[in-house]
Amino acid sequence: MNTLNESKTDVVIVGGGPIGLETAVVLQRAGLKATILEAGSIGNTMSWWAPQTRWFSSNERIAIAGVPLLTTDQTKCTREQYLSYLCGVAMQFRLQIRCYERVESIERVGSELWILSRSQSGTQRTKCRAVVLATGGTDRPRRLRIPGEDLPHVDHYLREPHRYFGRQVLIVGGRNSAVEAALRLHHCGAQVTLSYRQAELNELGLKYWLLPEIRGLIAPGKIGSHFGTSPKQITNSHVVLATNENATPLEVACDNVLVQIGYEQDKSLMQNAGIQLSGDNARPTFNEDTMETNVPGVYVAGTAIAGTQSSSYKIFLENCHGHANKIAAHLTGQCEQQVPQTTGHCEVYAEPES
């Protein structure tokens, strides 16, 4: 039986990632009751990263709520370390988080907003005065949209690397996720081939520690490469690659296909709420001083403000820390400097160096 439960809070935050958590802490310190609704687990986007994936950003730039982020060897944080860190922040500040509860609609009734959400236990209606969409911009993988993409040996996420031992793996893509997957699978005993639509790897878009290694393995043929190619069909035994020069298509034998061509934002909730989307990225319309969208009482925070970003990302976690203070200031009628700060021992609101 699907039951309907009702509750009330000051602010509903949709998304339990780092900016969602940080916003909850800031609002809590400003005297507002905030409830986080998360469709998955805390830090859900990072949960599908491959095991032991390291952040590109330094630890102090991805620390939140003034809580220092430390690693035992002072190196950049791994996926596992950061997920544990987020759980620690949530417990330290006793944040109200309802995990595995997906928000389906946002409706205004008079001066209040009603949030309809669903979980395993039933349907929930939450009444609030404001909503913050901290939903990120990488909800689902981009697709090739070619025959065979839905075959069982095709994946858009890198799982446990050791499952590919002894397998012939074709990786589609040529940026960080694809190159990192190629290196990890090669070192796990897979026979890796890379297909990339560009004529060469873009060194400006790759993590600086990946480029020398991938070049050093491609040059002697330890990792196969087909630059200037695009997949056109996937079968149970091979992938057909079309070349940019319109030459005869290539057939590359493989046991697994790993598609790593980026991710896109799910805009359904924004559209449902009436938020205007604009530009090539279909980014939400909002006031940069307050983070409020064109819908009164509905705010955006974090990388959600950028829509679906292209391969040249400009909005990262590290330059979104100030969003929570702007929202709290607008909701409480204070100036931004009056909002209780969460910097603690970490200068988490410092602008990134050029």
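Heavy atoms only: backbone and side chains are in, while hydrogens, waters and symmetry mates are out.
Of the N and O atoms on the side chains of S57 and E318, at least one donor lies less than 3.5 Å from an acceptor on the other residue. Under the 3.5 Å distance criterion, with hydrogens and angles disregarded, a donor-acceptor pair is assigned to the side chains of H187 and E213. Side-chain atoms of S195 and T229 form a donor-acceptor pair, as typed in the model, at a separation below 3.5 Å.
Proximity of I218 to F227: side-chain heavy atoms (C-beta onward) are separated by under 4.5 Å at one or more points. For the pair R283 and S278, the minimum side-chain heavy-atom distance is below 4.5 Å. T9 is not listed as a side-chain neighbour of Q96, based on a closest heavy-atom distance of 4.5 Å or more. In this structure, D255 and V169 have side chains that are not in contact, with every pair of non-hydrogen atoms separated by 4.5 Å or more. Side chains of L210 and N176 form a contact here, defined as non-hydrogen atoms less than 4.5 Å apart. In this structure, V257 and H153 have side chains that are in contact, with non-hydrogen atoms separated by less than 4.5 Å. Looking at heavy atoms from C-beta onward, Q191 lies out of side-chain contact with C254 at the 4.5 angstrom threshold. Taking 4.5 Å as the limit, some side-chain heavy atom of Y196 sits within range of a side-chain heavy atom of L201.
A donor-acceptor contact shorter than 3.5 Å is absent between the side chain of D139 and the backbone of K267. Judged purely by atom type and a 3.5 angstrom limit, S41 has no side-chain atom pairing as donor or acceptor with the backbone of N44. Counting only distance, with no hydrogens or angles, the side chain of T53 and the backbone of W49 share no donor-acceptor pair below 3.5 Å. Between the side chain of Y85 and the main chain of P68, no donor-acceptor pair closer than 3.5 Å is present. At distances below 3.5 Å, at least one donor-acceptor pair connects side-chain atoms of Q260 with backbone N or O atoms of H156. Not a single donor-acceptor pair under 3.5 Å links the side chain of S7 to the backbone N or O of T126. T293 contributes no side-chain N or O that, together with a main-chain N or O of F286, makes up a donor-acceptor pair within less than 3.5 Å. Using modelled atom types, one side-chain atom of E292 and one backbone atom of G297 make a donor-acceptor pair closer than 3.5 Å. Of the possible polar contacts, one joining the K326 side chain to the E288 backbone as a donor-acceptor pair under 3.5 Å is found. Distance alone, capped at 3.5 Å, is enough to place a donor-acceptor pair between the N59 side chain and the C77 backbone.
Rounded to the nearest 0.5 angstrom, I171 CD1 and T193 OG1 are separated by 8.5 Å. Here the OG1-CD distance, from T285 to Q276, works out to 5.0 Å after rounding to the nearest 0.5 Å. Remark: C188 SG to R167 CZ distance equals 14.0 Å, nearest 0.5 Å. Here the CG atom belonging to L194 is positioned 13.0 Å from the NE2 atom belonging to H186, to the nearest 0.5 angstrom. With values rounded to the nearest 0.5 angstrom, C320 atom SG is found 12.5 Å from I64 atom CD1. Annotation: the span from I36 atom CD1 to L27 atom CG amounts to 9.5 Å, rounded to 0.5 Å.
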Q: May I have the step-by-step check of side chain to side chain donor-acceptor pair (under 3.5 Å) for Q271 and S268, ending in yes or no?
A: CA-CA 5 Å; Q271 292 169 329; S268 57; over 6 Å; no
Q: Check the pair T332, L32 against side chain to side chain contact (heavy atoms under 4.5 Å, CB included), reporting the backbone distance first and the verdict last.
A: CA-CA 8 Å; T332 60; L32 297 170; 4.0 Å; yes
Q: May I have the step-by-step check of salt bridge (Lys or Arg N to Asp or Glu O under 4.0 Å) for K127 and E6, ending in yes or no?
A: CA-CA 8 Å; K127 183 167 62 173; E6 293 189 355; over 6 Å; no
Q) What do the steps show when you test E104 against L269 for side chain to side chain contact (heavy atoms under 4.5 Å, CB included), and what is the final call? A) CA-CA 7 Å; E104 295 194 343; L269 187 59; over 6 Å; no
Q) Where do C128 and K33 land on the side chain to side chain contact (heavy atoms under 4.5 Å, CB included) test, with the steps shown first? A) CA-CA 10 Å; C128 60; K33 181 181 179 182; over 6 Å; no
Q: Evaluate side chain to side chain contact (heavy atoms under 4.5 Å, CB included) for M270 paired with T135, printing each intermediate quantity in order.
A: CA-CA 10 Å; M270 292 185 184; T135 50; 4.2 Å; yes
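Ring pair Y299/H323: centre-to-centre distance not below 6.0 Å. No close placement of the W55 and F316 rings is indicated, their centers lying 6.0 Å or farther apart.
Residue G136 comes nearest to T303 through the heavy atom pair CA-OG1, 3.3 Å, listed as atom of the first residue, atom of the second, then distance. In terms of heavy-atom proximity, R184 sits nearest to P161 at NH2-CG, 3.9 Å. Nearest approach of V300 to I327, heavy atoms of both residues: O-CD1, 4.0 Å. Taking each heavy atom of P231 and V239 in turn, the nearest pair found is CB-CG1, 4.0 Å. Of all heavy-atom pairs spanning G148 and V154, the tightest one is O-CG2, 3.7 Å.
With salt bridges taken as basic N to acidic carboxylate O contacts below 4.0 Å, none links R125 and E107. Under a 4.0 Å N-O distance rule, the pair E149/R143 qualifies as a salt bridge. With respect to the salt-bridge test (charged N to carboxylate O, under 4.0 angstrom), the residues E101 and R118 do not qualify. In this structure, K207 pairs ionically with E180, as a charged nitrogen and a carboxylate oxygen lie closer than 4.0 Å.
Taking hydrophobic clusters as Ile, Leu, Val, Met, Phe, Trp and Tyr residues chained together by side-chain heavy-atom distances below 4.5 Å, M291 shares a cluster with V25.
With sequence neighbours left out, R129 forms a salt bridge (Lys or Arg N to Asp or Glu O under 4.0 Å) with no residue at all.
Heavy-atom contacts from other residues, nucleotides or ligands closer than 6.0 Å to NZ of K76 number more than 12. Annotation: R102, atom CZ; neighbour count of heavy atoms from other residues, nucleotides and ligands within 6.0 Å does not exceed 12.
Among I13, I42, T35, L21, the single residue meeting the side chain to side chain contact (heavy atoms under 4.5 Å, CB included) criterion with L95 is L21.
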